[in-house]
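Below: the structure, in structure tokens.
Atom set for the values below is all heavy atoms of this structure, side chains included, hydrogens, waters and symmetry mates excluded. One-based numbering, in listed order, for ligands and for the atoms of each.
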Amino acid sequence: MGFQGRDVISILDFTRNDLEELFEVADYYLRNRRAYTLLQDYVVALAFFEPSTRTRLSFETAAKLLGAKVIGFTSEEGTSIAKGESLADTIRMLDAYADIIVIRHRYEGTALFAAEIAEDPVINAGDGKQHHPTQAMLDLYTVRRLFGTIDGLTYAVVGDLRYGRAASSFIYGLTLFKPRKIYLVSPPLLRARPEVLETLRERGVKFEEASRVDDVIEDVDVLYVTRIQKERFPDPIEYERVKGSYRITLKLLEKGKRELKVLHPLPKVDEIEPAVDSSRYAAYFTQASFGVPVRMALLSLIAGVRP
Ligand code: NCD
């Protein structure tokens with residue numbers, strides 16, 4: 001189906017072929033990092049109703065390197081929603097000013113809602129706990145760059161699988177490929193949501209739920225670690241119960257395979273020991289840097305242009 005003119009709401013809207021095409025274009029931009037004029041007639045709106053460092057700045061960098069103009073805001077307080085305007089009217093304005101809308105919001109379904117209102121392509125940069133498709137794209141791209149393949153590897157997705165949209169989207173993204181196995185490692189309170197497990201079952205992906213990284217470390221190639229999503233807990237007492245319940249240490253990683261890599265969508269808080277950062281296991285800063293070529297590839301394919 002390709003990307004041209006499409007909304008990007010969930011990674012599951014795309015096929016393996018789509019992603020392979022995206023990755024090839026991202027490879028090109030990674031090798032040829034310079035300023036382009038491909039999107040010079042485009043305005044890209046970055047509508048961030050929730051905090052962001054990497055997603056927003058890498059989208060902005062990507063859009064600017066492609067020659068597009070960038071408008072947007074970084075919090076709800078900066079918009080007329082603070083005066084009582086509806087989200088729908090705000091979206092209509094973004095649609096009028098821009099050509100591509102990138103949106104992040106704390107509520108599930110906001111990106112889809114925006115896509116229904118806007119004529120322009122809408123890219124979901126995170127909707128509550130639900131989806132974060134462009135994060136999954138760059139995460140999968142990172143695995144492909146590190147291992148030369150996404151298929152046949154064993155993955156452990158660790159942490160807040162209940163409220164973490166990056167974790168859920170990464171798991172969904174893996175179902176488009178042929179992972180050998182996925183371990184879902186979390187405290188019992190933060191197990192993956194039923195719809196995520198259902199997708200794994202439907203798509204015939206082998207998986208196992210576990211509570212401790214220690215129990216699975218020897219078997220994994222990719223350890224995808226996530227932060228506990230404190231801000232999404234309806235009950236602070238529940239958060240207190242799971243706070244600090246897992247920590248990835250160098251000692252733990254040394255029990256694993258030699259080629260083991262640790263990915264993390266970032267921000268990390270205390271779930272990875274700082275000593276890991278400078279070890280051969282840490283791939284998360286490289287992963288974050290791939291946000292630029294992958295989002296350049298995405299924006300240009302949506303606009304229907306190729307480098
Ligand atoms: C993630 C998010 O916002 O969902 N961050 C990101 O976009 N890289 C993960 C998180 O906040 O924990």
Test ring-ring contact (aromatic ring centres under 6.0 Å, His included) applied to Y42 - qualifying residues, sequence neighbours left out: none
Output field: ring centroids Y155/Y224 closer than 6.0 Å: no
Ring centroid separation F113 to H105 under 6.0 Å: no
Flag for R162-S186: side-chain donor and acceptor within less than 3.5 Å: no
Exercise: do T15 and D18 side chains pair donor with acceptor under 3.5 Å: yes
Filter the ligand 1-protein atom pairs down to N or O on both sides and distance under 3.5 Å, then list them.
residue  : atom   : partner : partner atom : Å
ligand 1 : 3 (O)  : R104    : NH1          : 3.4
ligand 1 : 3 (O)  : R104    : NH2          : 3.2
ligand 1 : 3 (O)  : R165    : NH2          : 2.9
ligand 1 : 4 (O)  : R165    : NE           : 2.7
ligand 1 : 5 (N)  : L266    : O            : 3.0
ligand 1 : 7 (O)  : T55     : OG1          : 2.9
ligand 1 : 7 (O)  : R104    : NH2          : 3.0
ligand 1 : 7 (O)  : H132    : NE2          : 2.7
ligand 1 : 8 (N)  : Q135    : OE1          : 3.1
ligand 1 : 8 (N)  : P265    : O            : 2.9
ligand 1 : 8 (N)  : L266    : O            : 2.9
ligand 1 : 11 (O) : R227    : NH2          : 2.8
ligand 1 : 12 (O) : R227    : NE           : 2.8
ligand 1 : 12 (O) : R227    : NH2          : 3.2
ligand 1 : 12 (O) : Q229    : NE2          : 2.8

Shortest non-hydrogen contact between F59 and R295, atoms and distance: CE1-NE, 3.3 Å
